[in-house]
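Computed from heavy atoms alone, side chains included, the values below leave out hydrogens, waters and symmetry copies. Reminder, nothing fancy here: chain letters follow the sequence lines and each chain counts from 1.
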Amino acid sequence: MLEKRDGVARICRTEFGETPLMIDFTEKPEIPIDFGKAPYPLKEIDPKRFEILKSKDERINVATGLAVLSHRKLVETLIELRRDGRLLYTPALATPKNVPILIYLGVDIVDNIVPIIKAYEGIYMLENAEFEIDSLRALPCNCEVCRNSSPKDMDEEKVAKHNTLILKRQIGLVKEHIRMENLRNFVEAHAKFDPALTAMLRIADENYEFFERYYPVFKKSKLTPTSEDSFERPEIRTFFKRALECYYPKGKTLLILPCSARKPYSLSKSHRRIRSYLGDLLKGVEEIIVSSPLVVPRVFEMVYPAMNYDVPVTGKWSGDEVEFVAEKLKAFVEKGDFNKVIAHVTGGYRRVVERAGIDAVFTAEDDITSSESLRKLKKALEDVERVDFDLFVSMFEHMFRYQFGVEMPSVDCLVRGRYPNLELKAENRLARIDVRYGMLDIYEEFARYLLKKEVYTIRIDEFEPKGTIFAVGVREAYHGIRPNDLVVFHNDSIFGVGIACMPGWEMEEADGGRAVEVKRYWKL
Amino acid sequence: MVFRPVAVWREKERLDGEIVDCLTVILRSKGCRWKRCLMCGYKKDTSEDVTFEDLKRQFEFSLKKLGDARVVKIFTSGSFLDSNEIPPEFRRFVYEKLMGRIDKLIVESRPEFVSDETAKELSEQDFIVEVGIGLETADDFVREVCITKGFRFEDFVRAAKVLKSHGIRVKAYLLLKPPFLSEGEAIRDVLNSIKAVRGLADVVSINPTNVQSGTYLERLWLRGLYRPPWLWSAVEVLKKAKMEAICDPVAYGKSRGPHNCGRCDREVAKAIKEFSLTQDESSFEGLNCRCMKIWERVVELEDYSRIPLALIHV
């Protein structure tokens with residue numbers, strides 16, 4: 001039963017225990033699992049014989065022999081195996097090093113066969129390193145085996161036990177990252193320990209369409225893109241895909257600003273300084289913030305991941321970085337009908353604007369908040385064309401479109417609250433910004449509207465939901481729903497909003513597991 | 001024109017508990033009629049246009065090395081008793097040449113070529129005859145699906161009974177580690193097979209699989225999906241055989257042949273060969289190597305991994 005998803009990775013409660021889990025072969029387990037005779041890679045070489053010799057286990061998808069595959073083939077095979085919703089067990093594949101990415105790619109069950117065999121070959125494993133036991137001066141570990149021991153005390157059996165404990169600990173750590181929705185950050189950082197892992201992650205990222213089906217659009221964890229491998233992360237690709245689709249700038253004048261460490265940008269010292277200095281001059285002007293790898297129109301600054309990310313800032317930009325960001329900036333600018341672009345940027349940011357081929361007026365000196373820079377910016381903004389729009393309402397409109405794929409109903413409304421905790425009100429509360437997830441929370445009228453539009457809706461059985469709606473109670477679900485999405489559930493007597501725990505298509509397919517956490521509901 | 005045999009050499013052989021000289025001849029024939037076994041690469045030692053004359057020349061060439069050898073083995077990369085492969089007149093030629101000169105002749109055949117007629121022919125000679133049959137395993141499923149041998153255990157039983165009824169010795173070849181069997185399953189499979197052939201075969205020959213070029217098995221091996229058995233497994237099987245059991249670990253120590261860790265292969269293979277001649281378990285005394293513990297884990301865990309573990313030589 002599904003407990004928690006973080007992309008393809010998941011925590012399930014099963015008859016074998018809570019997954020992801022490790023079967024321990026140091027303990028001579030009774031394993032009621034059919035391993036079959038032929039390893040899974042035979043499927044491609046000799047499909048007929050594979051059919052006869054494969055594992056016939058009905059509960060678990062047992063894929064043996066994957067360790068012989070190339071990185072590319074392994075990733076592709078795991079993706080192919082994941083089409084089957086059953087628990088996935090990959091015997092004799094996991095090590096403490098590769099287990100994070102295996103779980104990231106959808107493996108539910110692993111074992112300690114490789115750590116045991118490695119131990120007998122004299123290999124001492126840590127979460128991110130392997131040593132020949134004979135080459136160690138001291139044991140860099142305080143597990144129950146290594147505590148108070150030295151390398152010469154370690155026989156094969158002890159090393160096997162230690163390696164097993166490390167693998168277990170790594171799985172425990174991965175599990176917590178899943179709960180925190182932080183697995184990708186961890187896997188990406190961990191992949192740097194081994195080129196093979198980095199290669200696997202890059203190959204995985206080539207398969208955006210596969211990950212997209214499982215990946216949340218909104219997450220509570222902070223996105224930490226730390227290398228160019230991050231550019232192709234599903235979160236980032238989804239952001240650009242949706243933001244570019246949903247960006248409808250109204251203004252005729254565009255101001256390009258650099259990003260800030262604090263998010264949302266408007267709360268940062270630099271942005272506050274600029275905004276307070278310019279005052280009403282910013283009214284009716286569109287803004288796009290350049291970061292790396294993100295490019296964020298001001299109206300999306302409260303959307304995940306723009307709302308919650310952190311990048312290493314050194315002032316140095318690589319050629320690839322400039323290229324990537326420039327391409328995105330250009331695409332956003334092309335969505336507008338701007339007759340004047342002011343770029344208040346310096347250094348690498350300026351290179352981005354130039355690379356994007358935007359005809360911009362540059363107003364910043366070395367320091368964007370220096371009096372000279374600000375004066376020049378003010379001057380540039382003095383006689384530009386302005387279109388009358390309310391930035392906060394525009395934010396709600398853009399976020400609504402980004403989140404639900406339809407236009408926000410045009411109602412006579414106003415924005416209340418202290419930024420960033422804004423809410424949209426008409427007679428009643430319509431929506432508010434959920435700053436934790438970087439998305440909108442909605443109330444009765446908007447929920448009715450989504451029902452009418454038939455988007456992000458879930459038809460449930462005739463019961464009054466308490467706390468959690470399980471997949472068994474779901475009759476039909478909008479297939480575009482992703483975990484963490486705000487959804488509208490309904491039956492003949494009630495409707496309400498909740499947070500999805502699994503993709504919509506999975507709610508229909510899965511036999512069990514948490515589908516929706518209920519927030520509030522109303523009688524129809 | 002094929003005048004030369006594939007190979008011919010002198011070696012030691014067991015005869016009535018005695019160790020004697022033996023001439024082994026591998027003739028180039030038309031080859032096996034079945035030729036579909038997944039591990040078999042003997043096709044390369046055959047030729048479609050081998051004639052009766054060629055066979056005669058090959059055999060005559062080989063006999064020059066006979067000397068005082070008391071046993072002769074004739075292998076054909078096929079079946080000596082298949083008249084399509086080996087003309088009956090050539091068989092008669094062989095008997096005539098060997099008459100009065102040797103004590104024992106060893107040949108090989110698939111069971112379908114063993115008939116009352118062929119058995120009778122062999123029984124009429126003035127030397128002991130032993131027919132080796134490539135049973136490979138007593139498990140019909142393994143033989144059919146993992147080897148594609150094309151006959152059933154009951155076919156072997158029939159052939160063995162026919163041979164025995166004519167007083168001919170039966171040798172059962174058992175394959176140690178057919179494709180798709182784990183190291184542990186391979187050991188258990190051979191031990192079960194030995195049990196099954198006891199009483200039918202006079203001797204079992206344990207053949208640790210080697211990876212021959214151009215075979216299906218080679219494709220598995222090249223992809224890391226197969227490893228020939230450990231020599232320790234052969235030792236284990238021979239120790240537990242409880243009947244006359246011999247083993248010639250062809251290509252031992254090579255990655256294509258049965259091997260341990262690289263350090264102990266020569267010594268272990270030597271002990272296996274010595275045991276094959278003496279049937280004395282003391283041949284294995286004192287054998288030890290660090291890799292033995294790895295092998296023990298491998299035997300335990302390959303059941304689950306379904307691919308070779310511990311590929312690296314230590």
Side-chain angles (χ1 to χ4, degrees), chain A residues 23-29 31 33-46 48-55 57 62-70 73 89-94 109-123 132-134 155-157 159-160, chain B residues 36 38 137 139-148 177-186 188-189 215-227 230 232 260-263 289-314:
Chain A
I23 296 176
D24 188 354
F25 283 97
T26 55
E27 290 179 346
K28 303 234 166 29
I31 312 148
I33 293 173
D34 176 12
F35 288 79
K37 284 228 178 303
Y40 190 80
L42 184 70
K43 191 180 178 196
E44 201 179 272
I45 307 167
D46 185 353
K48 263 194 184 155
R49 203 178 308 266
F50 178 72
E51 274 309 302
I52 303 168
L53 294 173
K54 69 179 183 184
S55 159
D57 204 289
V62 184
T64 51
L66 302 190
V68 306
L69 300 175
S70 67
K73 201 78 204 166
Y89 172 25
T90 56
L93 181 63
I109 303 175
V110 298
D111 59 43
N112 58 343
I113 290 178
V114 177
I116 293 172
I117 293 291
K118 286 275 181 191
Y120 280 79
E121 291 177 337
I123 303 295
E132 281 178 29
I133 184 79
D134 297 338
D155 60 14
E156 290 92 339
E157 209 176 316
V159 177
Chain B
R36 267 167 254 182
L38 302 188
T137 166
D139 184 324
D140 280 337
F141 180 82
V142 172
R143 196 181 325 92
E144 202 37 55
V145 181
C146 303
I147 302 177
T148 331
K177 207 171 179 185
F180 308 116
L181 260 56
S182 68
E183 196 76 19
E185 286 165 347
R188 294 191 289 275
D189 176 68
T215 59
Y216 180 99
L217 183 63
E218 188 188 42
R219 285 164 61 203
L220 298 180
W221 174 76
L222 284 171
R223 289 178 195 234
L225 297 172
Y226 182 80
R227 178 204 194 277
W230 291 64
W232 294 126
N260 286 345
C261 65
R263 275 197 315 258
C289 181
R290 220 161 69 193
C291 73
M292 214 164 161
K293 279 182 172 176
I294 301 183
W295 168 75
E296 283 168 8
R297 294 287 84 76
V298 165
V299 167
E300 199 176 289
L301 297 174
E302 260 191 20
D303 288 0
Y304 312 109
S305 70
R306 310 311 309 171
I307 51 165
L309 297 168
L311 283 166
I312 337 160
H313 283 195
V314 286

### Task
Kindly indicate whether the side chain of A:Ile45, heavy atoms from C-beta on, has any atom under 4.5 Å from the side chain of B:Leu225.
yes
### Neighbour count >12 (heavy atoms, 6.0 Å) for atom CD, B:Glu144
yes
### Message
Tell me whether B:Arg306 contacts the main-chain N or O of A:Gly36 through its side chain, where contact means a donor paired with an acceptor under 3.5 Å.
### Response
yes
### Query
Do the side chains of A:Arg49 and B:Leu38 get nearer than 4.5 Å, heavy atoms only?
yes
### Message
Counting heavy-atom pairs closer than 4.5 Å to chain B, which one of A:Ala92, A:Ala119, A:Ala67, A:Gly65 comes out on top?
### Response
A:Gly65
### chain B contacts, top residue of A:Leu93, A:Leu66, A:Asp46, A:Ile116 (heavy-atom pairs, under 4.5 Å)
A:Asp46
### Query
Does any non-hydrogen side-chain atom of B:Arg297 lie less than 4.5 Å from one of A:Glu156?
no
### Query
With B:Arg188, which residues qualify under salt bridge (charged side-chain N to carboxylate O under 4.0 Å, His left out), at least two apart?
B:Asp303
### Query
Under a 4.5 Å cut-off applied to non-hydrogen side-chain atoms, are A:Ile113 and B:Tyr304 in contact?
yes
### Task
Give, for atom CZ of A:Phe25 and atom OG of B:Ser305, the distance between the pair rounded to the nearest 0.5 Å.
9.0 Å
### Sequence-distant partners of A:Ala38, side-chain contact (heavy atoms from CB on, under 4.5 Å), two or more places apart
A:Leu42, A:Phe50, A:Leu53, B:Phe180
### pair A:Thr64-B:Ile307: side-chain heavy atoms closer than 4.5 Å
no
### Task
Enter the distance from B:Arg223:CZ to A:Glu44:CD here, rounded to the nearest 0.5 Å.
6.5 Å
### Query
For B:Glu300, is it the side chain, the backbone, both, or neither that has a heavy atom closer than 4.5 Å to a heavy atom of chain A?
side chain
### Query
Between SG of B:Cys291 and OH of A:Tyr120, what distance do you get to the nearest 0.5 Å?
13.5 Å
